[in-house]
Amino acid sequence: MWPPPDEELEELEAVQPALPPRSALFSLKPIGIGTDQVEALSSYVTRLAQAHSVSPRRLIRDYLRKMAPEPENMRWLGHTSQQMSMDGVGKFNQFLIPLLEELTSVKSLQYLTLLPLAELLPSNGPHQLLRHPRWCPDCYLEQIHTPNEAHRHLLWSLTLYRVCHFHSTVMLDSCPACGSYQRYIPILPDLVHCGRCGEPLTLAQPEHSQVTEMDLWKSQALADLIANLAEIPPMLARENLVAFLDRLIRLEVDGKPYPFGHQIRFILVFMGKWITAGKKLSLARLLELGYYAHTLPSVMLIQGAHAPLDPTHFKKERVAIRTPRPSLGITEREHLEQDLSRIVNDSADYRSVTEVARTLGYERTCLQYWFPKQCRAIVLKAADGRRQQCDARHQEEQRLLVQIVKDATTGPVPLKQKQIIACLNDKGLYLVRKDLGATFRKCVEEGADPPE
Ligand SMILES: [Zn+2]
Ligand SMILES: [Zn+2]
């Protein structure tokens, strides 16, 4: 007979540790919340896909969109040109973030975006988010050599953040090996390799030139804003900013008006009226205000009227936070129009607007502002070219597959199917792709005859 159970032991057995609720997706912890190195939501989604060994685009298309209570609200996620708004104030984030939080059981994902500033910033402010994210190779290298995984900082999605404030170097926006821009949501779940050629983005040499004091100040002010996203009261940020402006405008030193210039005083009064009327403020305007008043953006938004102000440090001259658009002379405009018309009419030229702008020595946004019709035509032609290139590549790969299968089955020692598939994989031909799989099955059925 067994001895009677020990009372103490029975008690211990009775205490069952509570298991945390299971999440549908891996509960991946976001990196750097509450710091200036916080990752962007697009980076988090890419790492989430990496944790599940799937393509980030597949995760979005085949899972997130299907799991959404109203899939219509997630349609934008399928468009690569819209995916940048994932890191911003876009209204669609109000659907995406609760869905991701529910599926991963991770909270506070709104701090991976600009959503905490939704009351203050416009959803699609001019020059708020970059069309293609930039990166700092030195920061990537440091991430790889620390326990943290490689991640893209939220700061790197902001247009005004041009210089890395850790390394004082100009951020990169195109692959040093093939010159292509990177996507917010890449095809492969990899942030540190080029989405087109696969070369490491960390090998790039950062540019040390053209870093101005203003660039560094902007980067530091933005870093301060991002690091304090969780501290800024979302519903009070607007009120605090109005109170700060009010105090600034009324500030007197020894009974005299504060030492701002006339123009700046006018701008501040106008800005105050604008915000009070419920209008949104661009990120550039917010930084401009901070620059004049020698105050960091988070201090204005958190402390409001109680922010410490020192009139001896106020700026008296106007400074453009955003790079001004260059003015075009009549002759220059005519030449540029001719160049663009020539590109539009050249059926063999499939360059994108960004590539054309780079060749002509202008910003893409400037070209689109000056010549919207021609730029639209270039966009459509580039998409057409990419489709044609893709079709041609697929046809070439199918021809190669047929040749390999034919050689393998008609040689002196015919290979087994497994060996043939291994040969195909060595050449980068994977049968998981629908067209290659269908061609392979057809070849095997028809005795390696090329398909019609
Ligand atoms: Zn850096
Ligand atoms: Zn590349």
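In listed order, ligands and their atoms are each counted from 1.
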Sub-4.5 Å side-chain heavy-atom contact between Gln143 and Glu39 = no
Ignoring hydrogens and angles, state whether a donor on the side chain of Ser352 or Glu355 is under 3.5 Å from an acceptor on the partner side chain.
-> yes
Closer than 2.8 Å to the Zn ion (ligand 2), which protein N, O or S atoms?
-> Cys175 SG, Cys178 SG, Cys194 SG, Cys197 SG
Atom name, His167 (N, O or S, nearest to the Zn ion (ligand 1)) = ND1
Please state whether the separation between the Zn ion (ligand 1) and some N/O/S atom of Cys136 is under 2.8 Å?
-> yes
Least distance between heavy atoms, Trp156 atom then Cys139 atom = CZ2-CB, 3.5 Å
Can you find a heavy atom in the side chain of Leu41 that is under 4.5 Å from one in the side chain of Leu115?
-> no
Among Pro200, Cys175, Pro186, which residue meets the side-chain contact (heavy atoms from CB on, under 4.5 Å) test with His193?
-> Pro200
Would you please say whether a donor-acceptor pair under 3.5 Å links the side chains of Arg152 and Thr46?
-> no
Going by atom types alone, do Asp391 and Gln395 pair a side-chain donor with an acceptor below 3.5 Å?
-> no
